[in-house]
Protein chains: 2
Amino acid sequence: MIYYKDKKYVCHLDLAMELIRGKWKAIILCRLNNGPKRFLELQRMTCGVSQKVLNEKLKELEGDGLIFKTTYPEVPPKVEFELTEMGKEIFPSLNLLKKWALKYEKQLEIQSK
Amino acid sequence: MIYYKDKKYVCHLDLAMELIRGKWKAIILCRLNNGPKRFLELQRMTCGVSQKVLNEKLKELEGDGLIFKTTYPEVPPKVEFELTEMGKEIFPSLNLLKKWALKYEKQLEIQSK
DNA sequence: GATTAATCTTACCTTTGGGTAAGTTAACTT
DNA sequence: AAGTTAACTTACCCAAAGGTAAGATTAATC
């Protein structure tokens, strides 16, 4: 049993899953893997996220130390989101997951449209 | 954009995450990695799951082809849950995730109790 | 005939996640 | 002065996730 931010988890995998929990976090991390991105750029890359949720998720990822943001003092504002070292290092596992899904694409009867 | 069971996903990672979404699925898969387990055995191994939720999750995992169950015609019933080939092959990515969390244990200020 | 056993179900409730739609900010453009 | 822009924020809503507690099953055992 381990604790993180006053919540308990049954093991490290449990916690790791918590950090990327939800519809969008893993996708966001994946999108950030090839360089920093601006807010709207990120939103366009992940068609379907609402601004509200994207903001929430980015804040959570930042709060957990997976990404950081740079705010440029311009108007209209320019903000860039970037992976931290820890954020970069989670990519291999996400990539393996992706490859796994690709491998079993036929068996799962995934339809590409 | 891909489709699986009439729902759409932005990419294969999105779908893979869906298959292990929720508080318990990844943990269950991990527990099953060293051999088949009975229902109550699984529940005791993952302290905290309610019977209801464990049942739901096992059904979902079965429905997605990650595990299968064998029911022995006894009373009281004996049921064993086991990883399919696809289920076994997701383990490396989960294990990598776990190692990642272990690596950043100090930085995340995880408390072991 | 009541108890125990393991698996699964049902009813009910609360929390969380994510969606839409609209508003805010502040400087630059027209 | 009104419109445009990027990045948030806020109010509101609905669906999904997960929890507790209780019940169903059914043969063997006490």
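All of these numbers come straight from a predicted model, not from anything done at the bench. Scope of the values below: all heavy atoms of this structure, side chains included, with no hydrogens, waters or symmetry mates. Chain letters run A, B, ... following the sequence lines, proteins first, then strands; residues in each count from 1.
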Please tabulate, for the side chains in residues 21-28 of chain B, all donor-acceptor contacts under 3.5 angstrom to protein atoms that are two or more places apart in sequence or on a different chain.
residue	atom	partner	partner atom	Å
B:Arg21	NH1	A:Gly22	O	3.0
B:Arg21	NH2	B:Glu18	OE1	2.9
B:Lys23	NZ	A:Asp14	OD1	3.3
B:Lys23	NZ	A:Asp14	OD2	2.9
B:Lys25	NZ	B:Glu60	OE1	2.8

Identify each donor-acceptor pair in which a side-chain atom of residues 1-8 of chain A lies under 3.5 Å from a protein atom, sequence neighbours left out, and give them as a table.
residue	atom	partner	partner atom	Å
A:Tyr4	OH	A:Asp64	OD1	2.7
A:Lys5	NZ	A:Gly63	O	3.1
A:Lys5	NZ	A:Asp64	OD1	2.9

Table please: side-chain donor-acceptor pairs of residues 90-100 of chain A below 3.5 Å, with sequence neighbours left out.
residue	atom	partner	partner atom	Å
A:Ser93	OG	A:Ile90	O	2.8
A:Trp100	NE1	B:Met86	O	3.0

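Between the CG atom of B:Leu42 and the C1' atom of C:dA6 there is a distance of 13 Å, rounded to whole Å. Between the NZ atom of B:Lys25 and the P atom of D:dG18 there is a distance of 9 Å, rounded to whole Å. Taking atom NZ on B:Lys78 and atom C1' on C:dT7, their separation rounds to 14 Å, with Å as the unit. In this structure, B:Lys59 places its NZ atom 8 Å from P of C:dC8, rounding to the nearest Å. Atom CD of B:Gln43 and atom P of D:dG19 are 11 Å apart (whole Å). For the pair B:Glu74 CD and C:dC8 P, the computed distance is 13 Å after rounding to whole Å. The distance from atom CG of B:Asn55 to atom P of D:dG19 is 13 Å, rounded to the nearest whole Å. Atoms CD (B:Glu41) and C1' (C:dA6) sit 12 Å apart, rounded to a whole Å.
A:Phe81 comes within contact range of the sugar-phosphate backbone alone, with a heavy-atom separation under 4.0 Å but no base atom that close.
Within the structure, salt bridge (charged side-chain N to carboxylate O under 4.0 Å, His left out) contacts touching residues 42-56 of chain B (residues at least two apart or in different chains) are B:Lys52-B:Glu56. Note on residues 80-93 of chain A: pairs passing salt bridge (charged side-chain N to carboxylate O under 4.0 Å, His left out), not counting sequence neighbours, are A:Glu89-B:Lys103.
Remark: B:Lys78 is positioned above the aromatic ring of B:Tyr72, its terminal NZ or CZ atom under 6.0 angstrom from the ring centre and at most 45 degrees off the axis.
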Nucleic acid footprint by protein, nucleotides 12-30 of chain C - heavy-atom cut-off 4.0 Å, B for base, S for sugar-phosphate alone: ------BBB-----BS---
